[in-house]
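Throughout, a chain's letter reflects where its sequence line sits, starting with A, and its residues are numbered from 1. All values derive from a computational prediction rather than experimental measurement.
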Amino acid sequence: MSETPPISQNFIRERIAADLAEGRYGGRIHTRFPPEPNGRLHIGHAKSICLNFGIARDAGGLCNLRMDDTNPVKEDLAYVNSIVEDVRWLIADWADDRLGLKPEGALPQADGADFFLFPASGSADRAARREAFFASDYFDALYEFAVRLVKKGKAYVCDHTPEEVDRMRGAPEAAGRPSAYRDRSVAENLDLFARMKEGEFPDGSRTLRAKINMDAPNVWLRDPVLYRIRHTEHHRTGRRWRIYPMYDFAHCLSDYIEGITHSICTLEFEVHRPLYDWILESLELPRPLPRQHEFARLNLTHTVLSKRKLLRLVEEKRVEGWDDPRMPTIAGMRRRGYPAAAVRAFCERIGVAKRENTIEFALLEHCVREELNRTALRRFAVLRPIKLVITNLPEGRLEEVTATNNPEDPAAGSRAIPFGRELWIERDDFAEDPPPKYFRLKPGGEVRLKNAYIVKCEEAIKDEAGNVVELRCVADLDSKTGGTTANRKVKGTIHWVAAAHALDAEARLYEALYTRPDPDKGGDDLSALNPNSLETLRGCKVEPSLAEAAPGVVFQFERLGYFVRSEEKERLVFLRTVTLRDSWSKVGHPPARP
RNA sequence: UACCCGAUGGUGUAAUGGUAGCACAGAGGCCUUUGGAGCCUUUAGUGAAGGUUCGAAUCCUUCUCGGGUAGCCA
C-alpha cells in the first residue's frame, strides 16, 4: 500500500551497520520503543517509533513495544491501550511484522543465574494471544538482580530523607558527601531490603542505592537511588509490591531481559549512559550487553510537544481532547486525516542527529499533501455558497457531467455528477471589483465551470443591504467537453455543485494551534494559542456522492484542500486535513479560499 | 563556567582528507478544464582564529555560542 520511504543514513544506522559488520550480536538486531503509559503518544514519539521500527525492518530484526511502567503513582491503564492502538496504526502495512510482542502473561524465565524472555514476533504464532512487554512484569527479576548487587557490595540501603539525599548529592560542580549508611554490612542490607519489600517501612523512609562514587563529576554516578518505597497500587501488579525500581535500574535490565541490542533514547539520557553500563557490568551479565544510543528529540514549530503542556490543553479544555485534530498527538493526526504513511515519510525526512532541531510545520504538511495527492479521490464541495443561475438553460434541466476521480491515478476512474441551471459556487470565486490578476468570475467576465460549460457573468443581483446574492450567467453551450468550443481558453476554472442535488454539510477548518512558531519560548504558551485554530462552517454544499463517504476516508475537495469525513454518522461533517498549496495568497492577496 | 553533547543556507539533513549535495520554505518561469499536481530555473551555508596537509566542513589547538545534567519522574 504505502511506498517505502528511502532509507537515509544517520549516525545510529551507521553504528548498527558497524555492529553488524563486526558480528557483535551475532547478526541479531533488536530495538525497543518504551513509552511510559502516563500520556498519549505524539509526533515526537512517532520519530522514535519510526527510527526503532525502521531499524528492525532494515535489519530483519524486531522492535519490542514496552510499557515503562515502574512508577505506580503516575501511570494509567487507559494509556496502555491507546499507546498500543497508536503504535499499531503508525506501523501498519509497513513494519507490523517487526512488532515484538510476548505471549499474554508470559514472565521472564530464570535460566540459571540469568533471566530471559523470548519475544514472539508479529508474524509467528498468529493464533496466540500476544501483548506488549511491561517493565512491571520484570519486578521479580529486577528484585533478584538488586539482591545480587547488594551481595556484591555494590548497593546499600540508605536511611536518609529525600531532602538529605538531595543535599548530600552536591551540585554538578561540587562533590557530594557519602551517606552515613554507605558501609552497612551485606547482611544488614539484605535484611533491610527484604523488609522494604515486605512493606515494613513507610514511603520515603529508605531507599536502595548503588554504591558508586560520591565524587563523580557525573551526578548520576553519585550513589543513585535504585529502589524507592511506594505503598501504592500499580495498574498491573496491584498491591503486590511496596518497592518500585527507578528508571535507571529498570531500563537497562529490561533491555537485557528482552535481549535488546540497541537501546535508543533521547539526548537527556546521555548522562545516564555510564549508569546504564555500570549496572549491567556490575552484575557481570554475559556479553554482549545492550548499548544505549541517544538522538535529539523532535521540536515542531507552531505547537508544543511536552507531555505536561499537552495534558494541560486537554485538562483546561483548550482543545476537545487528546485526539483533537489540532493536537500533534498520533490520535489527533489520525482523526484529522493524516495518513500514517505521511507521518512516516515526515519522520524519515527530518533525519536523526544529535543537534537541537526545530522542524517547520510546513514540512509535515508537505508530506501529508504529497501522500494525499497520490491517493485521495477528488470531489466537489462549496464551503461558502453563492447561487449561480445559467439563464440560457431551461428550468428543471438535468445534465450529467463526467469528473475524474484522481488525475494522479487513472485507475481511480471517473464519476458522473449532476449539473443544472442553478448551481452553488464559492463566494470567493466571484469579485465585483476584482484585484489585478484575478482569474475567477467577475462582472462581464468568463470562467470555466470545471467539467462543464464556460459561463459569462451578466448580472450580480444584490439584496437591500447591497450584498451579492445571486449571479446570472450565460453559458457557451458548445463549450462542454467534446463541444465545438470546448478548447477555448479561459483563464479561470472554478468548482460548483448543482443546487438541486447538493447535500448540506458542515466543515471544520483547522489552523495552527499556536500563532507563534515557538510557543515554548518566552514563558506562557497559552498566550500564544491561536483563537482561530478552529472555524466551523455550516450550510456547505457538497456533491451527492459524498453521502456515502466513510468516516476516516480523506477526499480532496477540488481547489480547497483535503477533508476527512468525521465519525458522526447521522450527518455530514468534514474536517479539513490540510489546505492545498495556494499560490494566490502567496502573492500578497488574501487567501483565495476559505 | 563541574561534567557531557552539539554547531553546514531561513529550517532540517548529507558529504567520514579530494567538485559543499538533497529536501522543505522563498523567488522567477513553463504548463494547466484544480491559482492543485507536474516541470524548469534561481537566491542562500561550513560559528571564529590559528595549525597540520598538495588539499580541511572533516584532523589538532584555543575561543565563541547553544543544549543537557543536581527527582525517591521517565
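Listed nucleotides C73(B), A2(B), A14(B) differ in distance to K74(A); the shortest reach to its side chain belongs to C73(B). Here the nucleotide nearest the side chain of P172(A), chosen from G36(B), A25(B), A70(B), is A70(B). If you check C72(B), A74(B), A25(B) against the side chain of Y247(A), the one that comes closest is A74(B). The side chain of R378(A) approaches G36(B) more closely than any other nucleotide in the set G36(B), C72(B), A14(B). In the set U34(B), G12(B), C24(B), the nucleotide with an atom closest to the side chain of I350(A) is G12(B). The side chain of V219(A) approaches U69(B) more closely than any other nucleotide in the set U33(B), G36(B), U69(B). Comparing G71(B), G36(B), C73(B) by their closest approach to the side chain of R169(A) singles out G71(B). Closest approach to the T493(A) side chain among U13(B), G35(B), C72(B) is made by G35(B) (side chain taken as heavy atoms from C-beta onward). Closest to the K354(A) side chain, of the nucleotides C73(B), U33(B), C5(B), is C5(B). The side chain of K489(A) sits closest to U32(B) out of U32(B), C73(B), A14(B).
Atom CZ of R291(A) has 12 or fewer heavy atoms from other residues, nucleotides or ligands within 6.0 Å. A 6.0 Å sphere centred on CZ of R236(A) holds more than 12 heavy atoms belonging to other residues, nucleotides or ligands.
Comparing A56(B) with G50(B), their C1' atoms sit 14 Å apart, to the nearest whole Å. Distance check on atom P: G51(B) versus A14(B) gives 31 Å, rounded to whole Å. Using atom C1' as the reference point in both G17(B) and U58(B), the two lie 7 Å apart (nearest Å). Taking the P atoms as reference points, C65(B) lies 14 Å from U1(B), given to the whole Å. Across U19(B) and G10(B), the matching P atoms stand 23 Å from one another, rounded to whole Å. Nucleotides G45(B) and G38(B), compared at atom P, are 27 Å apart to the nearest Å. Rounded to the nearest Å, the gap between the C1' atom of U16(B) and that of U43(B) is 30 Å. Nucleotides G9(B) and U46(B) place their P atoms 7 Å apart, quoted to the nearest Å.
Between F557(A) and the choices F574(A), F380(A), Y562(A), the ring-ring contact (aromatic ring centres under 6.0 Å, His included) rule is met once, by F574(A). A ring-ring contact (aromatic ring centres under 6.0 Å, His included) with Y227(A) is found for one member of F249(A), Y247(A), Y156(A) and no other, namely F249(A).
A cation-pi arrangement, defined by a distance under 6.0 Å to the six-membered ring centre and an angle within 45 degrees of its axis, is present between R206(A) and F201(A).
Using a cutoff of 4.0 Å between basic side-chain nitrogens and carboxylate oxygens, R440(A) and D428(A) are not scored as salt-bridged. R32(A) has no carboxylate O lying under 4.0 Å from a charged side-chain N of E258(A), or vice versa, which leaves the two without a salt bridge. A salt bridge links E270(A) with K354(A): at least one charged nitrogen is closer than 4.0 Å to a carboxylate oxygen.
Atom P of nucleotide U33(B) and atom CD1 of I417(A) are separated by 17 Å, given to the nearest angstrom. One can place CG of N405(A) at 16 Å from C1' of A37(B), the figure rounded to the nearest angstrom. Distance L221(A) CG to C4(B) P: 13 Å, rounded to the nearest Å. Between H302(A) atom NE2 and U11(B) atom C1' the separation is 11 Å, expressed in whole Å. Y276(A) has its OH atom 16 Å from the P atom of A74(B), to the nearest Å. Distance CD (E348(A)) to C1' (C22(B)): 13 Å, rounded to an integer number of Å. A straight line from CG of D428(A) to P of G35(B) spans 13 Å, rounded to a whole angstrom. Whole-Å rounding puts the W220(A) CH2 to A70(B) P distance at 5 Å.
With hydrogens and angles ignored, no donor-acceptor pair under 3.5 angstrom links the side chain of E270(A) to the base of U69(B). Side chain R349(A) to base U13(B): no donor-acceptor pair is found below 3.5 Å. In this model, no side-chain donor or acceptor of T301(A) finds a partner on the base of U11(B) within 3.5 Å. In the interface, the side chain of E360(A) is not paired with the base of G12(B) through any donor and acceptor atom under 3.5 Å apart.
As the counterpart of C54(B), G18(B) is assigned, both hydrogen-bonding distances of the Watson-Crick or G-U wobble pattern falling under 3.5 Å. Pairing for U1(B) is absent, with no Watson-Crick or G-U wobble pair whose two atom distances lie under 3.5 Å. Checking A48(B) for Watson-Crick or G-U wobble geometry (two distances, each under 3.5 Å) identifies U62(B) as its partner. For G26(B), the paired nucleotide is U42(B), the pair qualifying as Watson-Crick or G-U wobble because both relevant distances are below 3.5 Å. Across the strands present, G35(B) finds no partner; the criterion is a Watson-Crick or G-U wobble pair with both atom distances under 3.5 angstrom.
Within the 4.0 angstrom heavy-atom criterion, no nucleotide atom of any strand lies near S205(A). At the heavy-atom level, F346(A) lies nowhere under 4.0 Å from the strands shown. Using a 4.0 Å heavy-atom distance criterion, H251(A) is classed as making no nucleic acid contact. Within the nucleic acid shown, N218(A) has no heavy atom closer than 4.0 Å to any nucleic acid atom. A175(A) comes within 4.0 angstrom of no nucleic acid atom, judged by non-hydrogen atoms across all strands. F269(A) comes within 4.0 angstrom of a nucleotide base, judged by non-hydrogen atoms across all strands.
Two residues, V225(A) and E268(A), neighbour RNA chain B, and the one matched to the more 5' nucleotide by heavy-atom proximity is E268(A). Positionally, the nearest nucleotide of RNA chain B for N373(A) lies more toward the 5' end than for the other of N373(A) and D248(A).
Within the 4.0 Å cut-off from OP1 or OP2 of A70(B), not a single side-chain nitrogen or oxygen of R167(A) is found. Between R581(A) and U34(B), a side-chain N or O to OP1/OP2 separation shorter than 4.0 Å is absent. Taking only side-chain nitrogens and oxygens, R559(A) comes nearer than 4.0 Å to OP1 or OP2 of G35(B). OP1 or OP2 of U34(B) has not a single side-chain nitrogen or oxygen of R448(A) nearer than 4.0 Å. Contact annotation: H495(A) side-chain N/O to U34(B) OP1/OP2 distance is not under 4.0 Å. For the pair T70(A) and C73(B), the criterion of a side-chain N or O lying under 4.0 Å from OP1 or OP2 is not met. OP1 or OP2 of C73(B) lies within a sub-4.0 Å distance of a side-chain N or O belonging to R228(A).
Proximity of P517(A) to H302(A): side-chain heavy atoms (C-beta onward) are separated by under 4.5 Å at one or more points. The side-chain heavy atoms of M214(A) and D223(A), taken from C-beta on, include a pair separated by under 4.5 Å.
Its glycosidic angle being more than 90° from 0, G21(B) falls on the anti side.
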